[in-house]
Amino acid sequence: MTIWQPDPDETLVARCGVSFATGAATPVSGMRWFRDTERRDIQNQLPDWPDGPHFTVRTKGERRLRQGGKFGAGLLAVAVLGVLESLAGSGSTGNVARLKDPEEPENEVQDFPVVWAAPGTLARTLPWQLDPGRRPKEYHTHLVATDRRILLLGLLEESDTPEDEVLWETQRSNVATTQRMKFSRYQTDFKLVFSDGSWCRLAGWNTNCRDDVTRALTPPLTLVTTGGLTPGQQEAITKFLARQETPGKLLITRRPSGNLLAEYLKTTRVAASYGIGGDFLLMGPHDENFTYTPGDI
């Protein structure tokens, strides 16, 4: 079995399970689309992609029937829902209320693109294995971030020791930014925006996975060596490492706030679903004391 490893002169920053995200609002629940910048469906234009499910956004009437079907008296429920909808004047986005307000209604309620790409852009080269609707259920995809590259790996769940298949890779410089999407049922969605303007919307295996990936890919990445730490920080790192029980690697980065984030990546244990887990320690710019700033973790 083969587990992917970075080159000798390359630093692993994160490895987490990801896939294309799935719509949460009722009109697009359980669905996803692949669009060009004119909102045309491009899934049949993506190179080497097998055929997959084709979705249609639910109309208002279909949403009423779907919701009414949850009750015994379906027709009565539909009528009641119609009255409530008219009173609310909301246009009925169903479970949107529980998810708070969408950040991008056109991409989260009226439509749900997970690839947005003009011809010739990078997002069109993403592998089809990211799509849960196309790949086998026991197949997983991991996003790997290093200080040089981003890779997408594929692996099967059936083995205790994964055998990684490199599906796709690009340079870190091709990523413009990342964005954690708040309108997400399990707080796992994030957007990966490439420097050519194309983007994809992915979902981490859980919230921690989403945060690990977006933190690793949001520029700039500033690595810090233990030799650059103050005596107080070095003492904190010594105690941090002493409580680790699994072989792994220490990674220290300077966050945009100036705080330092030490992560202990358990690189010898790769879970097919999650990827690589770890532990972390946040420190201030000059000693172990810190004031948390959004974006630190």
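Positions are given from 1 along the sequence.
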Heavy-atom closest pair (V13 atom, D147 atom, distance to 0.1 Å) is CG2-N, 3.9 Å
S29 versus R58, side-chain donor and acceptor atoms under 3.5 Å
no
Using a strict threshold of under 4.0 Å (side-chain N to carboxylate O), is an ion pair present between R32 and D131?
yes
Identified side-chain hydrogen bond (donor to acceptor under 3.5 Å, both in side chains) partner of D164 from the options H142, Q5, R15:
R15
Just checking, is any N or O donor in the side chain of T2 or E163 under 3.5 Å from an acceptor N or O on the other one?
no
Pairing of R39 and D36 as salt bridge, 4.0 angstrom limit:
no
Taking every non-hydrogen atom, the tightest pair across F183 and R201:
O-NH2, 2.9 Å
Residues forming a salt bridge (Lys or Arg N to Asp or Glu O under 4.0 Å) with E106, sequence neighbours excluded:
none
Shared hydrophobic cluster, I276 / W205 (ILVMFWY, side-chain heavy atoms < 4.5 Å)
no
When you group the ILVMFWY residues by side-chain heavy-atom contacts below 4.5 Å and let the links chain together, are F240 and L282 in the same group?
no
So for atom CZ, which belongs to R269, do other residues, nucleotides or ligands contribute more than 12 heavy atoms lying within a distance under 6.0 Å?
no
Does W199 share a hydrophobic cluster with F190, counting links as ILVMFWY side-chain heavy atoms below 4.5 Å and allowing steps through other members?
no
Is it the case that over 12 heavy atoms from other parts of the model lie below 6.0 angstrom from the CZ atom of F280?
no
Hey, would you say the F34 and W116 ring centroids sit under 6.0 Å apart?
no
Under 3.5 Å, is there a donor-acceptor pair linking the side chains of T218 and T178?
yes
K182/E104 salt bridge by N-O under 4.0 Å criterion
no
Ignoring hydrogens and geometry beyond distance, is a side-chain donor-acceptor pair present between N174 and R149 at under 3.5 Å?
no
Ignoring hydrogens, what is the shortest heavy-atom contact between M283 and A236? Give both atom names and the distance.
SD-CB, 4.0 Å
Using every non-hydrogen atom in the two residues, find where A216 and A14 come nearest and quote the distance to one decimal.
CB-CB, 3.8 Å
Heavy atoms only: give me the nearest D189-A203 pair and the separation to one decimal.
OD1-CB, 3.6 Å
Just checking, any donor-acceptor pair under 3.5 angstrom between side chains of Q45 and R124?
yes
Side chains of T121 and D196: any donor to acceptor distance under 3.5 Å?
no
Which atoms form the tightest heavy-atom contact between F20 and P127, and what is the distance?
CE1-O, 4.2 Å
Assess whether a salt bridge exists between D9 and R148, defined as any Lys/Arg side-chain N lying under 4.0 Å from an Asp/Glu carboxylate O.
yes
Could you tabulate the donor-acceptor pairs under 3.5 Å formed by side-chain atoms of residues 285-295, not counting sequence neighbours?
unit_1 : atom_1 : unit_2 : atom_2 : d
D287   : OD1    : N289   : N      : 2.9

Any chance you could measure D41, atom CG, to W33, atom CH2, to the nearest 0.5 Å?
9.5 Å
Linking I/L/V/M/F/W/Y whenever their side-chain heavy atoms sit closer than 4.5 Å, directly or via other members, would L261 and L241 fall into one cluster?
no
